[in-house]
Structures are given as structure tokens and as C-alpha cells.
Amino acid sequence: MALCRGAGLLLRTLLPGNPLLFPAACRTQSSVSGVLVPRTSLTSPPWPEQLPPVCEAEDARRQAAVVSTVNGSIERQDYGRLFAVVHFASRQWKVTGEDLILIENHLEAGCGETIRLEKVLLVGAEDFTLVGRPLLGRDLVRVEATVIEKTESWPKVHMRFWKRHRYQRKMIIVQPQTVLRINSIELAPRLS
Amino acid sequence: MTSRGTPSRFLQSVLQNGVGRYVCQLKRLSIIFSKNAQSSLGVRGFIEEGVVDYAKYNPSTVVYVSPQSCRIPKIVAEYLNGNVREEIVTSKTSIQISEVLTKLTNQSGLDIIRLRKPFHTDNPSIQGQWHPFTNRPPCIGPIRPQKQDTEQGLSNI
């Protein structure tokens, strides 16, 4: 159940789009149409599905209303704290301001330097979310982080042992680590 | 030892370093070496060439150079959170010693033990933490005990 917690989720999503970013086992845009995932008791909620009657003009009007509300909210900058899902170091992180991230490799930036995390997949506030397909534009979101610490990991023991073969090898692995502090997430006041 | 047998901690920073300005966590460096022993050859070379430049580039760190009669040359690093780390630099070259110093400068003084999670947030939930009633439409009605008839089994499969 640790996956349910919001703090610093490592998301492995199944969103359609760039297969390099989303290596999903079941693609929702494959050539086989119809049932792609086996139906189980948890496929759909236990209550009967109630679809509202479909009307295209009504849908378009609602969509325009939602877009204008979100645009107005962004222009007035009256959202509270923002969170973002950022793709960095081959992992996805759910990130807010003032939180810490540990990267298990060496970054070129020195301690105290600011980095911009460019691959942003999703940005959300309390009332709205902006979902990228698969990435959001660079001029829309800006996520900045500072390098706080560049250490080495604790010495991990890597041992291979085959029983009854008199074979054992022991290696101590120490990996470089970088700690980033996310400084801010900013939204540009312009949406299409 | 295994990660179960060794102590562990959560990812943290010293006094929210980085939220405002970044502060270098290294407080004091003491280089203990011998004037004549062979093991301190690299240290003596580093002190001739590199120590002054290092101290100039890191103005927030105080560097003490103390020649003593000792068999093992050491670098003792003290950090702002009170931790002390000793690195033994026997028979290291000047370049290796400067790398050791860079590593010590970039570290914060927190223990180098297993980190439980590679992230830390003080605000884990912004849109509200999920609970089973988050997206449940109220038109369904309240929760009632399930009927005991066999016809009311899992008919959705």
C-alpha cells in the first residue's frame, strides 16, 4: 500500500504516447481493438455505470468553460501550491517546492548551482491539473532545483556464492549520489 | 553487513539547506601529517601547491595544517551539524588528496548509512489524499450490507 501515498511517488504510468518514456506492457493504442486487459472483479467499480446523455454542443460549451476557468485562475496566479511529475535520471518523480530528491549518479553541476528540470509530464494545483501528451511545453512550466550535496552511497556488499562449488566473490559497491532540492514550480500565464 | 543489520535513516538536509541560500556544510578541515615520513609525501606536496587555492575557493571552511610526528596522515573534517569525519590519506598523491577534499566539501555531515527513501516531502498531498470515498458519486446511495442470495454474486465477470 506504499503506492497509495502521495509523497514522492515513483510513477510507472501506462499513459499512451512516447514508448521510450512509457514502456508499458499493454499498449492502449495497439492494432488489436476491443478487450486488452482481462476483466476481473476490480476492472470497473461495483456500482452501475451511469453515462450522461451525449450532446456535442453541450460538451464543447463545457470544455470551453473549463478552459476559460483554468486560464483565468492561471492568469490571476491564485492557485496555491503546485506539484509536478518530472522525468529525470530515467525515473519519474512527483515533486513540490522545497522537497528533496536523491539521484544515484553524478551530475555535472556543482554544489549550490541551480538546475532546470525540463521534462515535465504533469502539473497540478488544488483545483486543476495540466496533463502533457507526453510532455508539457517548456514555456509553460518551469521547475528549478538546487544541488545540495554530492556524496557517495553507503558501502553496499555485492557477494556471489555458489554452494558446494567453493566459489565466492565479494565486492563493495560505492555509488556517487546527488541530492537536489526543488526550489520552485512556476506556471506561465498563457494557455491555448 | 546487510541493510537490515546496519542503521538507516531518511533523506534529509541540515536545517533546510537549499530552500534559501545554499550553505557549504564543511566547517573545519584539519590536515594532520608528518614532516619527514614517507607516507605523508603526497600531503606535503598538496600543502605546497594546493592548500592555499583550496582555502581561497572555499572561504566558508577553515583549514588547519598541523604537522605532528605521526605514522598515518589524516584529514579531519568537521561539519555544521557536529559530525566529524576522518579520512586517512596514507601514500596518496597530491591529486588524489585534492579529490578527497572535493568530496568532503560537497558532503553534508549526515551519516553515510542506508537511505530508506530517495525522496522527502513535507507536503505529500496537494489535491487531498485519496480515500475510498474520493470519487464515489453520492447518487449511488449509502453502503448497505450485501444480500445473501447466490444470484447476487459477482455478476460483472
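Proteins come first, then strands; the chains are lettered A, B, ... in the order of their sequence lines, and each starts at number 1.
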Positions in residues 177-187 of chain A that reach chain B, provided some heavy atom is under 4.5 Å away: A/Gln177, A/Val179, A/Arg181, A/Asn183
Chain B contact via A/Gln50 - which portion, at a heavy-atom distance below 4.5 Å: side chain
Cluster link B/Val63 to B/Val100, ILVMFWY, side chain under 4.5 Å: yes
Nearest-0.5 Å distance that lies between atom CG in A/Leu100 and atom CG in B/Leu11: 5.0 Å
Closest contact, heavy atoms only, A/Phe83 versus B/Ile126: CB-CD1, 3.3 Å
Approximate separation, where rounding is to 0.5 Å, of A/Glu98 CD and B/Asn123 CG: 6.5 Å
Atom pair CD (B/Gln107) and CD (A/Glu149), whose distance is rounded to the nearest 0.5 Å: 7.0 Å
ILVMFWY network linking A/Phe88 to A/Leu102, side-chain heavy atoms under 4.5 angstrom: no
CD1/B/Ile140: more than 12 non-hydrogen atoms of other groups inside 6.0 Å: yes
Contact origin within A/Tyr79 toward chain B - heavy atom pairs under 4.5 Å: neither
Value rounded to 0.5 Å, distance of OG in B/Ser125 from CD in A/Glu126: 9.0 Å
Atom of A/Trp93, atom of B/Pro118 and distance for their closest heavy-atom approach: CZ3-O, 3.7 Å
Any residue of residues 152-169 of chain A which, by heavy atoms, sits under 4.5 Å from chain B: A/Glu152, A/Ser153, A/Trp154, A/Val157
B/Gln127 (side chain) donor-acceptor with A/Ala125 (main chain) under 3.5 angstrom: yes
Nearest atoms (heavy-atom pairs only) where A/Lys94 meets B/Pro124: NZ-O, 3.2 Å
Heavy-atom contacts under 4.5 Å, residues 12-22 of chain B to chain A: B/Gln12, B/Ser13, B/Gln16, B/Asn17, B/Gly18, B/Val19, B/Tyr22
Residues of residues 2-9 of chain B with any heavy atom under 4.5 Å of a heavy atom in chain A: B/Thr2, B/Ser3, B/Thr6
